[in-house]
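This structure is a prediction, so every number in the text was calculated from the model and none was measured. Below, chains carry the letters A, B, ... as their sequence lines are ordered, and counting in each starts from 1.
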Amino acid sequence: MFTNYSKDIHSENLSIESDKLSDEYFTVIIEPAGTWLKANWAELWEHRELFYFLTLRDIKIRYKQTLLGITWVLLQPTISTIVFSILFTNLGQTNPLNVPYPVFAFSGFTVWIFIAVAISSGSSSLIGNPNLITKVYLPRLILPLSAIAANLLDLLLGLISLIIVMAIYGVTAGRTLIFAPLFLILCFTIATSLGILLSAINVRYRDVKYILPVVLQLWLFVTPVFYSLDMIPEETRWIWKLNPMTGALGGFRAALFGASFDSFEIAVSVVVAVILVILALQIFYRMEDSFADVI
Amino acid sequence: MSLIIKVENVSKQFYINRLRPRELTLGSTLMNVLKKPFTRQHLKLENEVLWALKNISFEVKQGDTLGIIGGNGAGKSTLLKILSRIIKPTSGRVKLRGRLGCLIEVGTGFHPELSGRENAFLNGAIIGMKNREVQKKFDEIVAFAEIEKFIDTPVKFYSSGMYMRLAFAIAAHLDPEILIIDEVLAVGDAAFQDKCINKINEVANDGRTILFVSHSDGALHRICRTGLYLENGRLKNFGEMKDVLGQYQVDYGKKN
């Protein structure tokens with residue numbers, strides 16, 4: 001990166017000479033905090049190895065010193081599925097989307113738990129690593145990104161067990177299965193942008209830490225995760241569809257089980273996701289300049 | 001020698017009261033926004049302003065070794081943090097040429113559950129080394145830290161000496177064009193400190209530019225050619241190390 005700058009500058013007229021040097025001569029210019037969007041993708045790309053090592057760290061330490069280790073990833077959706085299966089079959093609700101209720105619930109919880117954990121681990125990624133903010137410079141966006149990416153392994157394990165659960169119940173995937181990854185990307189985008197947004201706000205307002213678990217809990221109940229949209233009275237169903245997770249999760253399930261897609265709920269979800277990405281990056285970069293002062 | 005760092009009129013202001021957590025919660029801010037939606041006052045508390053740095057300008061040429069001295073609260077660390085892009089100046093500009101490595105703390109990002117080896121790669125990436133670089137220098141790092149036997153043990157089982165030696169060893173093998181070192185030599189036994197100073201000198205003789213903060217006159221003399229003396233956020237003297245250090249010693253001699 002450094003090339004020999006052949007021009008010799010004598011110390012006595014150093015300041016005069018150096019005034020003539022254009023800004024292009026320097027590789028880094030540090031200025032007072034700005035307020036414009038200044039995502040530096042090249043710098044982010046340069047730090048891809050750091051992203052890799054931070055993600056690896058988060059994966060390695062997540063289940064250290066737990067008795068059951070990585071099995072926790074599968075236990076969480078399994079326990080939820082069992083509880084709601086007992087509850088809902090007693091209520092007489094079976095076979096939403098023409099699949100056995102446990103398969104339906106497990107598919108929902110697998111994706112939902114990934115989203116919830118991704119948002120909360122993203123939100124605490126900056127305040128959980130104060131030294132990486134105050135003692136060294138790195139593109140701070142890497143911290144929420146790697147914290148969230150570390151959850152992808154959990155999602156992968158969850159999806160593999162979902163296939164096993166489907167096989168056990170003799171459910172075959174629809175031909176629309178090829179669209180399922182697109183909806184997972186949609187879920188991931190919503191979770192990531194919220195994680196980034198909350199990580200920045202959390203630096204200044206630790207209230208996030210207390211509000212988030214409550215909000216995620218409530219969000220679960222207003223999202224068709226363990227119930228299907230068919231169980232909601234038709235005249236109020238549109239309210240449910242304004243929730244971006246309804247479209248993302250609904251689309252995933254429709255793709256998986258070969259049901260029909262609801263273009264309205266999916267459109268809402270995509271539009272909200274795009275707005276969230278822009279908003280999250282804008283707010284993150286606005287607040288980034290003061291992270292080290294405030295944290 | 002060509003110019004590598006140019007600091008122009010840099011000032012940094014801190015609000016002393018800004019961080020009272022009970023006053024600055026989301027609730028109170030929202031209340032203030034609702035009460036006075038058209039002012040920006042809700043963002044600030046009664047501001048007691050502290051100028052950690054005030055109108056600092058200086059230049060550093062490639063290959064120079066600059067020692068920064070000053071009493072507690074003089075602004076040394078603030079200056080280093082601005083140069084290393086951790087914090088932004090309130091006004092003024094800094095221009096740098098080339099890769100900058102920053103050792104304000106060694107072992108940043110070490111995780112107690114990870115092994116020495118895992119931490120070496122993680123910490124290397126954090127302080128700006130490429131994976132390839134760490135791999136190439138790995139044996140050297142382990143030998144320098146003298147922890148060959150424990151490299152695959154989680155660092156939570158390390159003695160604090162072993163922990164620091166590993167952290168130093170990684171840091172010592174970072175070789176960017178500009179190296180910023182803050183007080184990190186204060187720990188470790190005399191022999192290891194000596195080893196670190198020799199290593200820094202080696203880096204300096206290689207044509208790298210070094211900015212060094214220390215309270216150890218010996219270390220400053222051995223490493224730095226140029227001195228920069230800060231007092232209460234202002235630049236008091238900038239020149240040959242022995243002159244600057246001389247003035248500093250006189251000042252502090254008087255005060256004591």
Exercise for review: Return yes if some donor-acceptor pair links the side-chain N/O of Lys81(B) with the main-chain N/O of Thr134(A) below 3.5 Å, else return no.
Suggested key: yes
**Study point:** Minimum heavy-atom distance Phe14(B)-Asp293(A), with the two atoms named
**Key:** CE2-OD1, 3.6 Å
Review point. With a cut-off of 6.0 Å (strictly less than), are more than 12 heavy atoms of other residues, nucleotides or ligands near NZ of Lys156(B)?
Key: yes
Exercise for review: For side chain to side chain contact (heavy atoms under 4.5 Å, CB included), just list the numbers for Ile104(B) and Val136(A), CA-CA rounded to whole Å, side-chain angles, deciding distance to a tenth of an Å, and then say yes or no.
Suggested key: CA-CA 7 Å; Ile104(B) 283 182; Val136(A) 73; over 6 Å; no
Review point. Do Phe291(A) and Ile87(B) come within less than 4.5 Å of each other through their side chains, counting heavy atoms only?
Key: no
Exercise for review: Using non-hydrogen atoms and a 4.5 Å limit, figure out which bit of Ile180(B) sits close to chain A: side chain, backbone, both or neither.
Suggested key: neither
Exercise for review: Tell me, for Lys60(A) versus chain B, whether the close heavy atoms (under 4.5 Å) come from the side chain, the backbone, both or neither.
Suggested key: side chain
Check your understanding: Which atoms form the tightest heavy-atom contact between Tyr137(A) and Ser84(B), and what is the distance?
Key -> CB-O, 3.0 Å
Check your understanding: Is a salt bridge present between Lys130(B) and Glu49(A), judged by a nitrogen-to-oxygen distance below 4.0 Å?
Key -> no
**Study point:** Closest heavy-atom pair and its distance - Arg57(A), Gly109(B)
**Key:** NH1-O, 4.1 Å
Point to revise | Heavy atoms of other groups near Asp206(B) CG, more than 12 under 6.0 Å | key: yes
**Study point:** CA sep, side-chain torsions, deciding dist, call: Ile86(B), Ile133(A), side chain to side chain contact (heavy atoms under 4.5 Å, CB included)
**Key:** CA-CA 7 Å; Ile86(B) 293 168; Ile133(A) 292 173; 5.8 Å; no
Point to revise | chain B contact via Ile29(A) - which portion, at a heavy-atom distance below 4.5 Å | key: both
Point to revise | Phe138(B), CZ atom: more than 12 neighbouring heavy atoms under 6.0 Å | key: yes
Review point. Rounded to the nearest 0.5 Å, how far does NZ of Lys88(B) lie from CD1 of Ile30(A)?
Key: 7.5 Å
Check your understanding: Quick one: of Leu83(B), Ile127(B), Leu114(B), who has the most non-hydrogen atom pairs under 4.5 Å with chain A?
Key -> Leu114(B)
**Study point:** Interface moiety of Arg140(A) toward chain B, non-hydrogen atoms closer than 4.5 Å
**Key:** side chain
Practice item. May I ask you to name which of Met129(B), Glu118(B), Arg85(B), Lys12(B) has the most heavy-atom pairs under 4.5 Å with chain A? Key: Arg85(B)
Point to revise | Nearest-0.5 Å distance, CG of residue Leu50(A) to CG of residue Asn123(B) | key: 10.5 Å
**Study point:** Atom pair NE2/CG of His111(B) and Asp58(A) - distance to nearest 0.5 Å
**Key:** 8.0 Å
Exercise for review: Locate the shortest heavy-atom distance separating Thr108(B) from Asn131(A); write the atom from each residue and the value.
Suggested key: CG2-O, 3.6 Å
